[in-house]
Amino acid sequence: MKTLMKGNEAISQAAIVAGCKAFFGYPITPQNEIPEYMSAAMVNAGRVFVQAESEVAAINMIYGGAAAGVRVMTSSSSPGIALKQEGISYLAAAKLPCVIVSVMRCGPGLGGILPSQSDYFQVVKGGGNGDYYTPVYAPNSVQESVDLTIKAFDIADKYRTPVFVVVDGTLGQMMEPVEFKPVTPYQIDVDSFATNGQSGKRGYRNMVNSLNLSAIGLEKSNFELKATYDEIRKNEAMYESSVKDGDEIALVAYGVPSRIALNAVKALNDKGVKAGLIRPITLWPFPDEAFKLPASVKIVLVCELSMGQMIDDVRLALNGSVPAHFYGRTGGVIFEPEELVDAAIKVVGGGK
Amino acid sequence: MNNSSSSGKTERILIAGFGGQGALTAGQIIALLHMGRGLNVTWMPSYGAEMRGGTANCSVIVSDGIIGSPTVSTNADVLIALNTPSLDKFEPIVAPGGTIIANTSIIKRGTTRTDVKFIGVDATNIAVALGNLKIANMVAMGTYLNLHPEFNDSDFEKVLNDRFGEKGKALIPLNMEAMKKGRV
């Protein structure tokens with residue numbers, strides 16, 4: 001049975017289906033439907049909802065909830081995520097699982113409330129201190145927002161790491177039919193790390209901490225994190241690609257802009273320009289595999305609602321094999337398929 | 001319906017008016033109607049400062065194929081304009097052969113386009129005569145349904161029930177009456 005839902009509401013319901021036991025948040029446009037939905041739905045489900053006094057408080061409540069061994073989620077938008085970065089670094093250091101949703105808006109600074117992808121760096125490269133990464137899922141439909149939010153909880157538990165789900169404001173606000181299927185959550189061994197009380201049965205102490213004043217001890221912890229990140233890199237990259245032998249150009253886009261790029265690719269093919277589309281679904285780990293291109297592809301056009309951020313990772317993945325060009329709009333402006341068609345024709349160098 | 005989207009048959013609809021005229025709700029009802037027929041649908045509102053007064057609009061795309069961009073900023077098959085600024089702003093993006101449904105209670109001009117169909121509906125006046133200014137959107141919805149004979153009144157009633165739930169049940173007969181006035 002499908003229902004018509006906003007992306008923000010669907011992400012919220014997905015968290016409930018995934019067994020999220022506590023939600024801590026603070027209002028900011030364009031993600032307000034998430035705490036609004038959770039304020040009723042979590043309470044009705046007998047779970048915890050707290051509107052914290054600030055983003056900083058919310059992320060530290062996440063630290064507490066995750067340390068207690070329950071599934072927790074917070075959500076915010078770009079400037080709010082900036083405030084949470086210290087806490088995210090602590091969560092990564094303490095190996096605490098949690099899901100963080102960012103419904104990206106335009107910046108820098110307080111910026112504006114309209115859709116943007118100018119916080120790719122913020123979630124992919126991390127704004128907190130230290131050597132850490134967070135898996136980042138970037139859905140392009142309301143249904144995929146549901147599926148990847150549910151997956152994010154499992155990945156967080158499996159690798160004991162904070163996990164991001166990022167959408168732009170468009171996806172948060174748009175409605176599409178969605179379906180919720182029953183979920184079998186990943187079974188995490190909570191007793192192995194959580195400060196959930198020994199109750200006389202565990203027989204050992206768990207301590208959750210991110211401070212380590214021993215050089216050798218902290219280095220060991222960094223090696224352990226590195227090993228986890230290597231596993232995630234090996235196992236969890238996701239993408240979609242329609243690029244095939246004979247294509248001369250590959251467009252690259254993620255999130256809702258990938259749907260605009262889909263229209264553009266169709267229009268290009270109608271004009272006789274052979275084009276395909278690569279859509280990274282995980283932004284970290286970045287799907288390098290998708291950029292092993294057929295020899296016919298001479299050029300790549302990266303399309304983002306930013307001034308050019310993911311293009312850095314595309315260039316690393318291409319490793320100089322073919323040039324990567326960029327087309328972006330920002331400030332809340334969303335490009336039209338026709339703009340991408342024009343940009344693609346310009347870079348392939350043809351008036352075809 | 002045209003074949004301009006990524007595959008299959010697609011209808012691109014833009015609904016616009018003053019905040020409070022029910023443009024966004026009308027869009028959701030159109031999306032739900034087509035969804036009931038198993039089609040893919042997207043509904044995308046304008047959001048931002050304009051929601052707090054001024055104009056409001058939403059894009060609805062229905063398709064039997066994959067829907068790419070959810071925004072109708074070009075090639076609208078149907079424009080439902082509930083006020084004059086909406087007609088002024090969006091008239092140029094209606095696709096050749098497309099349809100403009102205009103609330104002629106407020107909009108005192110026709111279209112300057114010669115390649116589109118213009119259908120006037122006295123939506124606000126009909127709504128006021130029925131006793132509720134807020135149901136002008138339902139009258140315009142009825143006019144939209146003229147383009148879709150495959151939907152009958154009970155399809156519409158079912159969607160209203162789904163959309164408004166128990167809380168809105170008492171208002172459904174009035175909304176149905178408004179829709180029927182627009183559908184004649």
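Predicted model only: the values in this text are computed from it and were never measured. Below, read A as the first sequence line, B as the second, and so on, with proteins coming before strands; counting in each chain starts at 1.
Looking only at heavy-atom pairs under 4.5 Å with chain B, the residue among A/Lys2, A/Met175, A/Met174 that has the most is A/Met175. Counting heavy-atom pairs closer than 4.5 Å to chain B, the top-ranked of the candidates A/Gly7, A/Gly112, A/Pro115 is A/Pro115.
Shown here for A/Gln173 and B/Trp43, the closest heavy-atom pair between the two residues is O-CZ3, 3.6 Å. Scanning all heavy atoms of the two residues, the minimum distance from B/Ala31 to A/Leu4 falls at CB-CD2, 3.9 Å. A/Val256 and B/Pro70 make their closest contact through CG1-CD, 3.9 Å (heavy atoms, listed as atom of the first residue, atom of the second, distance).
Between the side chain of A/Arg259 and the backbone N or O of B/Ser69 there is no donor-acceptor pair closer than 3.5 Å.
Contact of A/Ser258 with chain B is not made at all, since no heavy-atom distance falls under 4.5 Å. In this structure, no portion of A/Pro257 lies under 4.5 Å from any heavy atom of chain B. Using a 4.5 Å cut-off between heavy atoms, A/Glu176 touches chain B through backbone and side chain atoms alike.
B/Ser73 and A/Glu336 are linked by a side-chain donor-acceptor pair at a separation below 3.5 angstrom, with hydrogens and angles left out of the test.
For A/Lys181, the NZ atom sits in a loose shell: 12 or fewer heavy atoms of surrounding residues, nucleotides or ligands are nearer than 6.0 Å.
When the salt bridge (Lys or Arg N to Asp or Glu O under 4.0 Å) test is applied to B/Lys169, the partners found at least two apart in sequence or on another chain are B/Glu166.
Note that OG1 of A/Thr3 and CG of B/Asp162 are 10.5 Å apart. Values are rounded to the nearest 0.5 Å. How far CG of B/Asn75 is from CD of A/Glu338: 7.0 Å, rounded to the nearest 0.5 Å. Separation of atoms CG (A/Asn263) and CD1 (B/Ile67) is listed at 10.0 Å; rounding is to 0.5 Å.
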